[in-house]
Asks: 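Handing you a structure now.
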Amino acid sequence: MFALVDCNNFYVSCERAFRPNLNTVPVVVLSNNDGCLISRSAEAKALGFGMGDAYFQVRPELEYNNVRVFSSNYALYGDMSRRVMHYLASVAPNIEIYSIDECFLDLHGMDRYLHPDLVKYATEVREQILRRTKIPTCVGIAPTKTLAKLANRIAKKIPKLNGVCYLNSPALIQRALEITEVGDIWGIGQQYANKLREQGIKTAAQLVKQSENWARKFLGGVVGVRLLRELQGKVCHQLQPSEDGTLSRQSITYSRTFGTPLTTFPDMVAAVSAFASRAAEKLRRQGSAANTISIFISKDRFSVEPPPYSFSTVVTLPVASSDTSELLRHVRSALKRLWKPGCVYKKAGVVLDGLEIAGQQQLDLFAKTNNGEVRDRLMADLDKLNEKFGSGAVTFASAFVKKGQRPAWDSRADFKSPAYTTSWEQLWTI
DNA sequence: TCTGGGGTCCTAGGACCC
DNA sequence: TCTGGGGTCCTAGGACCC
């Protein structure tokens with residue numbers, strides 16, 4: 001058995017955790033750069049505001065309905081997420097942190113020994129999370145991850161279930177499949193949903209009756225076959241335990257839309273250098289080194305100009321590295337290749353790929369000097385200083401921004417809540 | 001007229017997820 | 001004026017090798 005614990009409207013719930021007066025009013029949280037709506041309270045959903053709506057388009061209606069608006073505050077959400085996950089790690093033998101607000105629990109054998117009544121167990125878990133973090137959740141329990149996802153949706157939808165849906169019999173699973181539309185199945189997106197509906201397949205119950213060859217043909221090969229089997233209750237996706245409560249990534253991206261579009265080369269170098277520095281910090285935090293660094297810069301993707309809007313280049317490093325100065329060298333030369341004078345750029349980013357465990361790289365026999373240790377110490381000190389005095393306290397010259405000044409490329413964030421839980425200066429006071 | 005075949009590695013792109 | 005960001009997995013096809 002798997003359980004999926006999913007936080008309800010997570011970002012909104014994080015904002016509400018510190019402002020109980022928001023509990024009964026409509027609330028939304030915006031994406032980076034205050035671009036679109038990415039989290040909505042039940043009241044905001046009821047008013048018709050959709051996931052991904054452009055803020056500037058729905059702003060009049062938001063104001064008219066007195067909806068409370070927040071810029072996203074990832075320091076807060078990340079910290080709240082850690083608290084939830086930390087608690088979950090204490091109530092199940094293995095957990096998989098699937099995203100910032102979702103976690104799979106391994107309940108294998110649990111119903112036979114520790115918790116014969118899994119609904120009771122899940123209810124207690126929900127109550128504890130709410131009590132400890134003020135975050136409401138729903139729990140879906142089923143024989144496979146895909147069915148646990150489906151159960152979770154049902155727990156959210158049907159109020160009388162009190163936030164817990166346990167699919168513990170073939171009859172219940174069948175019923176669940178019947179009331180689930182294909183587009184709501186985990187792994188069926190817009191493209192496949194349209195294709196399925198064209199073939200007259202509207203519900204999960206209809207989908208589950210198809211053959212594996214059919215799934216192979218119409219749902220992306222082996223991916224589709226697995227999806228079908230999981231719906232039939234056959235486990236294809238094992239739990240991938242998250243050791244020590246953190247996620248180790250195979251690639252690391254840092255990209256941003258600029259608050260103000262950039263038109264000069266030095267501004268672009270400063271922006272992308274800052275992004276690369278942040279990406280390198282993330283890289284070192286998870287103890288990895290990168291084999292390739294990609295740099296991209298983008299024009300306005302909504303303009304009437306024909307594509308392409310985005311231009312990128314990939315640099316393969318001679319030896320995997322996590323050294324900011326090494327990465328920054330490549331940033332400058334890559335940007336020289338990509339930059340076209342006279343263009344207006346709205347976004348840029350850096351992707352670190354081909355990650356491996358730092359310190360395991362093959363020695364570069366042809367390196368002129370072996371100053372790797374000195375470099376490692378420098379990076380460790382840099383990270384410590386930035387942790388102590390705030391991100392960006394110590395930077396490389398190319399990414400330098402004068403204290404107190406907002407860089408030209410900074411994202412917009414006009415409605416940001418304080419870092420209640422991660423900054424002494426911004427502690428919530430009563 | 002026929003003009004190997006099978007393997008590996010890499011990359012770009014498509015589909016999905018939250 | 002304004003329309004996010006960060007991931008995963010899989011497949012097809014090209015380059016290269018023997």
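Residue numbers start from 1 in every chain, and the chains themselves are labelled A, B, ... in the order their sequence lines are given, proteins ahead of strands.
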Asks: Flag the pair A:Leu88 / A:Val125 as yes when at least one side-chain heavy-atom distance between them is below 4.5 Å, and no otherwise.
Replies: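 Yes. Closest side-chain heavy atoms under 4.5 Å.
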Asks: How about A:Ser71 and A:Asp34: does a side-chain donor come under 3.5 Å of a side-chain acceptor?
Replies: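 Side chains of A:Ser71 and A:Asp34: pair found under 3.5 Å.
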Asks: Please indicate yes or no: is the ring centre of A:Phe56 less than 5.5 Å from the centre of the six-membered base ring of C:dT3, with the two planes inclined by under 30 degrees?
Replies: no
Asks: Wobble G-U and Watson-Crick pairs count when both distances are under 3.5 Å; given that, what is the 5' to 3' dot-bracket string of DNA chain B, with | for pairing to other strands?
Replies: ....||||||||||||||
Asks: Using a heavy-atom cut-off of under 4.0 Å over every strand shown, decide if A:Tyr254 touches base, sugar-phosphate, or nothing.
Replies: sugar-phosphate
Asks: Just say parallel, tilted or perpendicular for the rings of A:Tyr74 and A:Tyr11, cut-offs at 30° and 60°.
Replies: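 Perpendicular: the ring planes of A:Tyr74 and A:Tyr11 meet at over 60°.
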Asks: Can you check the A:Asp353 CG to C:dG7 C1' distance for me, whole Å?
Replies: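 After rounding, the gap between these two atoms is 11 Å.
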Asks: Specify the residue among A:Asp34 and A:Arg249 whose closest nucleotide of DNA chain C lies further upstream toward the 5′ end.
Replies: A:Asp34
Asks: Within the structure, does a side-chain N or O atom of A:Ser31 lie under 4.0 Å from either OP1 or OP2 of C:dT3?
Replies: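 No, because none of the side-chain N or O atoms of A:Ser31 sits under 4.0 Å from OP1 or OP2 of C:dT3.
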Asks: Look at the side-chain N and O atoms of A:Ser251 and state whether any lies under 4.0 Å from the OP1 or OP2 oxygen of C:dT8.
Replies: yes
Asks: Between C:dC18 and B:dC2, how many Å separate the two P atoms, rounded to a whole number?
Replies: 30 Å
Asks: Calculate the interatomic distance between A:Asn33 atom CG and C:dC2 atom C1'; express it in whole Å.
Replies: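 Taking CG of A:Asn33 and C1' of C:dC2, I get 9 Å after rounding.
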Asks: How long is the line joining CG of A:Leu30 and P of C:dG5, in whole Å?
Replies: 13 Å
Asks: With sugar-phosphate meaning primed atoms plus P, OP1 and OP2, does A:Leu352 contact a base, only sugar-phosphate, or nothing at under 4.0 Å between heavy atoms?
Replies: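 Touches nothing.
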Asks: Does the cation-pi check pass for A:Arg83 over A:Tyr87, that is, NZ or CZ under 6.0 Å from the six-membered ring centre and within 45° of its axis?
Replies: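 Not flagged: A:Arg83 not positioned over aromatic ring of A:Tyr87.
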Asks: For A:Cys138, does its backbone N or O pair with a side-chain atom of A:Asn152 as donor and acceptor, under 3.5 Å?
Replies: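 Side chain of A:Asn152 to backbone of A:Cys138: a pair is present.
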Asks: Looking at A:Arg278 and A:Glu281, is any side-chain nitrogen of the basic one under 4.0 Å from a carboxylate oxygen of the acidic one?
Replies: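 So A:Glu281 pairs with A:Arg278 through a salt bridge.
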Asks: Judged by each residue's nearest nucleotide on DNA chain C, which is more toward the 5′ side, A:Gly220 or A:Tyr74?
Replies: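 Result: A:Tyr74.
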Asks: Which word best sums up how the rings of A:His237 and A:Trp186 line up, parallel for under 30°, tilted for 30 to 60°, or perpendicular for over 60°?
Replies: perpendicular
Asks: Does C:dG5 have OP1 or OP2 under 4.0 Å away from a side-chain N or O of A:Thr253?
Replies: no
Asks: Write down the distance between CD (A:Gln240) and P (C:dC9), rounded to a whole number of angstrom.
Replies: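 Spelled out: CD on A:Gln240 to P on C:dC9 is 7 Å.
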Asks: When you measure from the side chain of A:Asp184 to the backbone N and O of A:Thr180, does any donor-acceptor pair fall under 3.5 Å?
Replies: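 No, A:Asp184 side chain to A:Thr180 backbone: no donor-acceptor pair under 3.5 Å.
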Asks: Name the nucleic acid region contacted by A:Ile252, choosing base, sugar-phosphate or nothing; use a 4.0 angstrom heavy-atom cut-off, strictly under.
Replies: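 Contact class for A:Ile252: sugar-phosphate only.
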Asks: Would you list the protein and nucleotides 10-15 of chain B atom pairs, both N or O, that sit under 3.5 Å from each other?
Replies:
none

Asks: Classify the nucleic acid contact of A:Asp101 as base, sugar-phosphate or nothing, counting any heavy atom under 4.0 Å across all strands shown.
Replies: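 It contacts sugar-phosphate atoms only.
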Asks: If the cut-off is 4.0 Å, is A:Lys149 near the phosphate of B:dC17, judged by side-chain N/O to OP1 or OP2?
Replies: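 No.
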Asks: How many angstroms lie between CG in A:Leu30 and CD1 in A:Ile38, if you round to the nearest 0.5 Å?
Replies: 7.5 Å
Asks: With respect to the side chain of A:Lys347, which nucleotide from B:dC18, C:dG5, C:dG7 is positioned closest?
Replies: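 Closest nucleotide among those given: C:dG5.
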Asks: From CD of A:Glu102 over to P of B:dC17, roughly how many Å is that when rounded to an integer?
Replies: 11 Å
Asks: Any chance CZ of A:Arg216 has more than 12 other-residue heavy atoms, nucleotides or ligands included, within less than 6.0 Å?
Replies: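 Atom CZ in A:Arg216 is packed in, count exceeds 12.
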Asks: What is the distance, to the nearest angstrom, from the CH2 atom on A:Trp409 to the P atom on C:dG5?
Replies: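 From A:Trp409 CH2 to C:dG5 P: 13 Å.
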Asks: Mind calculating the distance between OH (A:Tyr98) and P (C:dG6) to the nearest angstrom?
Replies: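 From A:Tyr98 OH to C:dG6 P: 17 Å.
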Asks: Measure from the side-chain heavy atoms of A:Trp186 and tell me the nearest of C:dT3, C:dG6, B:dC17.
Replies: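 My answer, after comparing the listed nucleotides, is B:dC17.
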Asks: Hey, do the aromatic rings of A:Phe2 and A:Phe104 have their centres closer than 6.0 Å?
Replies: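 No, ring centres 6.0 Å or more apart.
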Asks: By nearest atom, which of the nucleotides C:dG5, C:dG7, C:dT3 is closest to the A:Arg256 side chain?
Replies: C:dG5
Asks: Does the side chain of A:Arg226 get closer than 4.0 angstrom to OP1 or OP2 of C:dC9 through an N or O atom?
Replies: no
Asks: Could you tell me how far apart A:Ile38 (CD1) and C:dG6 (C1') are, to the nearest whole angstrom?
Replies: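 A:Ile38 atom CD1 is separated from C:dG6 atom C1' by 11 Å.
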